[in-house]
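Input: a single structure, listed below in structure tokens.
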Amino acid sequence: MTAPMNASIKPLDILIMAAGKGTRMHSRLPKVLQRLAGRPLLQHVLDQAAHLQARSAIVITGHGATEVEAASAGWIRVEGQFDLKFARQEPQLGTGHAVQQALPLLAGDGTVVVLSGDVPLTQPDTLRALIAASQAASATSASVSGGALALLTVTLPDPTGYGRIVRNEGGAVQGIVEHKDASAAQRAITEVYSGILAVPAHLLAPWLGRLSNDNVQGEFYLTDIVAMAVQDGVPVLAHRIDDALQVAGVNSPVQLAELERAHQLRQARALMEQGVRLADPARFDVRDDKRSGARGQLVCGQDVDIDVGCIFAGRVELGEGVQIGAHCCIANATIAAGAIVHPYTHIDGEQAGVTVGAGALIGPFARLRPGAQLGREVHIGNFVEVKNSTLADGAKANHLAYVGDATVGERVNYGAGSITANYDGANKHRTVIEADAHIGSNCVLVAPVTIGAGATVGAGSTITKAVPAGALGVARGKQMLLAHWARPTKQPKP
Ligand code: UD1
Ligand code: CA
């Protein structure tokens, strides 16, 4: 990089425009709080401030301001290393007017990067290059203190609606013309302004003061500062990228879904490049977990196979050789090597997490809830729910069962239709089932209760007292037999 040493240490302040209404979303939720990959759009943008080690981020709010401000402040408490500030813009008189509202909060010594709250997928490296372009430019005679106005641009096959980059014969940028104000010749220009720029703060303030709303939309356009920079002899640089996805905005549910798919496809490709086998990268999702707020992150060992339609939320780790069947939802879980998760299984660790041991078999149609900790070779079959319970190596619950608040020993066989009655209506109690116990079908284990090692519980029992090790516990009505029993017969209607 050719930037002088002192230029690169200029503090960075990020300005995020988020006051717009988002009319085309037809939603009660402010547009910038709509989610992409489980994360609100504005949070994607605020992440940039963290990636770039910004000094501050100023969010310009208007529509839904209180909601947007409360949500952002919540994320920053967890994630932020930068100063988060808000500027209200009411009414919304254009992008230039938006930035004017933030001026009082902006220090004069930094570089300002302007972003939009509805453009979520800009990559930090792209912004770093843009910032470097703004900071590196050597001073011309007119711009004594140095720095340039750097615009992020992209060439689009259909530039309709965007501001066009107007250049002179020598190729130098002269200004930006908004689509609605552009002549036919200008509308033929395919290089457009992305809405993202970097500029030294001390240059910005005087230009903003000179903006007018004398244009087709009657708005104060931020883009008018480009022509002012040219007038003032400040270098204007266009940093052009090829990747339109990085500057794509969300204006409608259709665009949101398109961006979501494009983003997921990129995540899928990155995993496949590491060797993960996805049956169909177009039917695969990794998201933030909405409830715990955990960042979407799928970490895979070698030879992981994932069938179609799976959704991974929060942090999920899949060990070597793990196979995930079709249409599983897996959140905040660690699944050890060689485990097989059959189709339609729902695993949600929430805050407590779920762990599945090596070689375990889970599902189809199984449900593992927070605090389920399964050892090696554990089998959990169809319609079995496990919550806040430890199942030691080799334990099995294969059909239609509930294991809640239980400690289950090695090799325990837990019969079909059996449940732990862990809740007395006020408090939760634990069930302890020691190693090698056999719980028959359709039993109710009323907690707190202990089944000793190697004990057997007869089918259909409601167990309220401890069953000692090695004993048989049966608690059900004795079978009665009436020989030659005549069933009632149907009476003729009177
Ligand atoms: C803007 C650019 C255009 C560029 C395009 C890229 C201007 C004048 N034009 O146009 O050159 O090609 O982005 O997407 O800047 N906002 C406010 N307050 C306002 C108006 C807008 O906060 O008063 C926010 C919006 O919520 C949005 C962002 O600014 O996040 C951009 O506004 P939008 O109206 O979408 O700009 P465009 O007209 O698309
Ligand atoms: Ca507009």
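One-based numbering, in listed order, for ligands and for the atoms of each. The chain is numbered in sequence order, starting from 1.
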Does ligand 1 have an atom that lies less than 4.0 angstrom from a heavy atom of [X]?
X: E178; value: yes
X: G249; value: no
X: L93; value: yes
X: I60; value: no

Is the [atom1] atom of [X] crowded by more than 12 outside heavy atoms at less than 6.0 Å?
X: D214; atom1: CG; result: no
X: R291; atom1: CZ; result: no
X: R210; atom1: CZ; result: yes

**Prompt:** Quick one: which of Q92, K21, E90, Q89 gives a side-chain hydrogen bond (donor to acceptor under 3.5 Å, both in side chains) with H63?
**Reply:**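 Among Q92, K21, E90, Q89, the one meeting side-chain hydrogen bond (donor to acceptor under 3.5 Å, both in side chains) with H63 is Q92.
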Under 4.0 Å from any heavy atom of [X], which atoms of ligand 1 are there?
X: Y221; value: 8 (C)
X: S194; value: 6 (C), 14 (O)
X: T223; value: 7 (C), 8 (C), 9 (N), 11 (O), 15 (O)
X: G163; value: 3 (C), 4 (C), 11 (O), 12 (O)
X: D118; value: 30 (O)

With [atom] as the reference point, say which of [options] has the nearest heavy atom.
atom: atom 28 (C) of ligand 1; options: A19, G161, S116, P159; answer: S116
atom: atom 20 (C) of ligand 1; options: G195, G94, A98; answer: G94
atom: atom 17 (C) of ligand 1; options: R164, Q92, Q217, Q89; answer: Q89
atom: atom 32 (O) of ligand 1; options: T153, T95, V45; answer: T95

**Message:** Working note: R261 + D285, criterion salt bridge (charged side-chain N to carboxylate O under 4.0 Å, His left out); need CA distance, chi angles, decisive distance, verdict.
**Reply:** CA-CA 9 Å; R261 279 346 302 160; D285 288 80; 3.0 Å; yes
**Message:** What I'd like to find out is whether the side chain of F284 reaches to under 4.5 Å of the side chain of V276, using heavy atoms alone.
**Reply:**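 Not touching, per the 4.5 Å side-chain cut-off.
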**Item:** K428/D405 ion pair, N-O < 4.0 Å
**Value:**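 Answer for the salt bridge query: no.
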**Message:** Looking at D303 and R277, is any side-chain nitrogen of the basic one under 4.0 Å from a carboxylate oxygen of the acidic one?
**Reply:**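 Yes, charged N to carboxylate O under 4.0 Å.
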**Asked** Between Y193 and ligand 1, is there a nitrogen or oxygen pair with a distance under 3.5 Å?
**Response**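 Between Y193 and ligand 1 (N or O atoms, distance only) the closest approach is under 3.5 Å.
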**Asked** Can you find a side-chain donor-acceptor pair between T122 and Q48 that sits under 3.5 Å?
**Response**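 Absent: no donor and acceptor within the cut-off.
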